[in-house]
Amino acid sequence: MSTPSAISQRAAELREQLNLHNYRYYVLDDPLIPDSDYDRLLRELQTLEQQYPVLVTPESPTQRVGAQPLDGFGEVQHRIPMLSLDNAFTDEEMREFDRRVKERLGATGDVVYTAEPKLDGLAISLRYEAGLLVQAATRGDGARGEDVTHNVRTIPSVPLKLMGEDWPAVLEVRGEIYMPLAGFEQLNERAREKGEKGFANPRNAAAGSLRQLDSRITAQRPLAMYCYGFGEISSGPLGATQSESIRRLADWGLRISPEMRTVEGVSGCLDYYRQIGERRASLDYEIDGVVFKVDSLAQQQSLGFVSRAPRWAIAQKFPAQEEMTRLVAIDVQVGRTGALTPVARLEPVNVAGVTVTNATLHNEDEIRRKDIWVGDTVIIRRAGDVIPQVVRAISEQRPSDAQPFKMPEQCPACGADVIRDADEAVVRCSGGLFCPAQRRQAIKHFASRRAMDIEGLGDKLVDQLVSLDMVETPADLFRLRFDALEKMERMGKKSAENLLDALEKSKQTTLGRFLFALGIREVGETTAQSLANYYGDLEPVMQADSDSLQQVPDVGPVVAEHVFTFFRQAHNQEVIRALMEAGVRWEPIAIPDADSQILAGKVFVITGTLSRPREDIKQQLIALGAKVTGSVSKKTDYLVAGAEAGSKLTKAESLGITILDETGLNRLLEQ
Ligand code: IVH
């Protein structure tokens, strides 16, 4: 690539491709290419833009990472006010709404409505001029909101540039910004690990993320948007109906709810409400009801609005997800890795249709922060699939015999000392596999579907086997005999036979599964598979030192330490030996042979900006036998230096280390 026009053409091409992939991934949830390919394209564009800053355009996908903090939020006057909605809490109130609509319209037949979930997030207005996002504002008081353009630009499902060409010169789109539940859980988990407070619910998390002066923080938050309405449109309405107009937004790359339907009459509304209600817990975002809008825009026009809400729309709300109850006790559970988790035992309470008796309290710090005592009246919240949470205690109602909680100093399952990891909020039992609670969890994990996949060996059976001292380690599972099994409670001849068959079948496994099944701390499925691919067989994993382990993709110093320590324990070695003796086996994975290891023993450091991700280059070098480290020392053989290499380059030069630019590297790799 040489001439300026070729370069700017390539940049335009990359922007277009990236915008398309972004749309496929975030708007349609239907990606065309793997993440790594996306990263490669993005990296290429970033490199080009770094070299030629004139190429940067505001709608470039590289411009979503956030920018310098602002001093404050600007104010935005909404040219068309952002309205609110009236609520209906019962079917009867819905029927009244429909009756009023029909009466005002003088309609005799059923009115057609659009129906869609009422997302629990925050309303936003996006303004596109000539197809480019120029402003994003919160609702504020409906007439005036806050300018949050800098933050909204970081949300991947909000297009910076509309697709197609037939959009109006000015288009204001309204919708809801929200935080998907999975992202919310992760965000809170991370906050808790750091001993921070976390957000009470996804709505607060979305609002807090959007009200950041530093958009680089917003860019880290998993926000998304669905569009459901309009503000100013220079061309006038986009269609004859609400549903048709909303669908046009989808053609321009804006995200609309896949749950939107048109329904007929109030009976159609009530059916829809019930269907969504049933699916509420399986949606990946929080909703607090359903919104119905008269579909015909002409009818909307003639109905008009009163004060802050349109007469043509209504929100039918779901019952509250929060209820009050009494905290009877706080029990402490011991997990697979020994982590002690306090669990709230509650006086049974019905929260949105489900009886809740337990709720998680996460850790001791959290309990202290929320000032929760045993005996308190507490607010319980259940959202989607999420485990019920204790939101807060009502301290004004604290009874005189309430007791503060204290984490036990001995493990409640085995009596071993409890230890607090240096910079974690978590405390752990130090008993390891001598602790029956950990043993139980370890065996459940070992047998689970994604690990050894021992069919029929469920949690209850494991509990029984451990309580009866029939099983202490995973290896004991393969020593179970028919006679003993058959005599167990709720076990017949047939189930005993089936279990033995399943155990036999599970012995033929893969190295990745086996490594995962061992339950090494921080070694999930992906890491286990990476270890398997890298070492090919168990023996080299067991022998590997921390340096070697850190060459494995995804393995950093902490994981390396856990793996190394695990295999140094005599107890673990013994269990592994017993498992192999019992007949657990796998096909070794072919790893590159010595002939292809042309870089065996050579130490590389990679620095600066290169045309493809460093991780790719690292993997390629490792496959050829090289070792890739993070810092330059006398032991370094080669420094691969891309654009804007800094101190590492200087140091390598001073040590007289061979320096390869990208061309040099490619030449070496081609050999
Ligand atoms: S329509 C003119 N549709 O609910 C109608 N609102 O309680 C204005 N909301 O401020 C809103 N999902 O933040 C509409 N599908 C949906 C919605 C929705 C959530 C929010 C929105 C609005 C609030 C009113």
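Order of appearance sets the numbers: ligands from 1, and atoms from 1 within every ligand.
Of the protein's non-hydrogen atoms, Tyr228 CE2, 3.3 Å is the one closest to atom 17 (C) of ligand 1. Considering only non-hydrogen protein atoms, atom 5 (C) of ligand 1 sits nearest to Leu85 CD2, 3.7 Å. Regarding atom 12 (N) of ligand 1, its nearest protein heavy-atom neighbour is Leu119 N, 3.1 Å.
A salt bridge links Glu92 to Arg99: one of the charged nitrogens lies within less than 4.0 Å of a carboxylate oxygen. Between Glu59 and Lys161 there is no salt bridge, since no side-chain nitrogen of the basic residue lies less than 4.0 Å from a carboxylate oxygen of the acidic one. Salt-bridge annotation for Arg369 and Glu366: present, with a side-chain N of the basic residue lying under 4.0 Å from a carboxylate O of the acidic one. One finds a salt bridge joining Arg127 and Glu129 here, because a Lys/Arg side-chain nitrogen approaches an Asp/Glu carboxylate oxygen to under 4.0 Å. Of the charged side-chain nitrogens involved, none lies within less than 4.0 Å of a carboxylate oxygen, so that Arg280 and Glu286 do not count as a salt-bridged pair. Salt bridge Arg345/Asp331: present, at least one basic N to carboxylate O contact under 4.0 Å.
Using a 4.0 Å cut-off between heavy atoms, Lys293 contacts ligand 1 through its side chain alone, with no backbone atom that close.
Sequence neighbours left out, the pairs with a member in residues 306-325 that pass salt bridge (Lys or Arg N to Asp or Glu O under 4.0 Å) are Glu322-Arg381.
Less than 4.0 angstrom separates some heavy atom of Ala123 from each of these atoms of ligand 1: 10 (O), 13 (O). The atoms of ligand 1 that sit less than 4.0 Å from any heavy atom of Leu83 are 2 (C), 8 (C). With ligand atoms numbered from 1 in the order given, ligand 1 contributes 15 (N) to contacts under 4.0 Å with heavy atoms of Glu116. Which parts of ligand 1 touch Pro117 is read off a 4.0 Å heavy-atom cut-off, strictly below it: atoms 12 (N), 15 (N).
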Under 3.5 Å donor-acceptor pairs involving side-chain atoms of residues 117-126, not counting sequence neighbours:
residue: Ser125; atom: OG; partner: Arg174; partner atom: NE; Å: 3.2

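Residue Val291 has no nitrogen or oxygen atom sitting less than 3.5 Å from a nitrogen or oxygen atom of ligand 1, judged on distance alone. Annotation: Lys118 places an N or O atom under 3.5 Å from an N or O atom of ligand 1; distance criterion only.
Taking each of Lys317, Glu176, Glu259 in turn, the one with a heavy atom nearest to atom 13 (O) of ligand 1 proves to be Glu176.
Judged by the shortest distance from any of its heavy atoms, Pro310 lies inside the 4.0 Å radius around the atoms of ligand 1.
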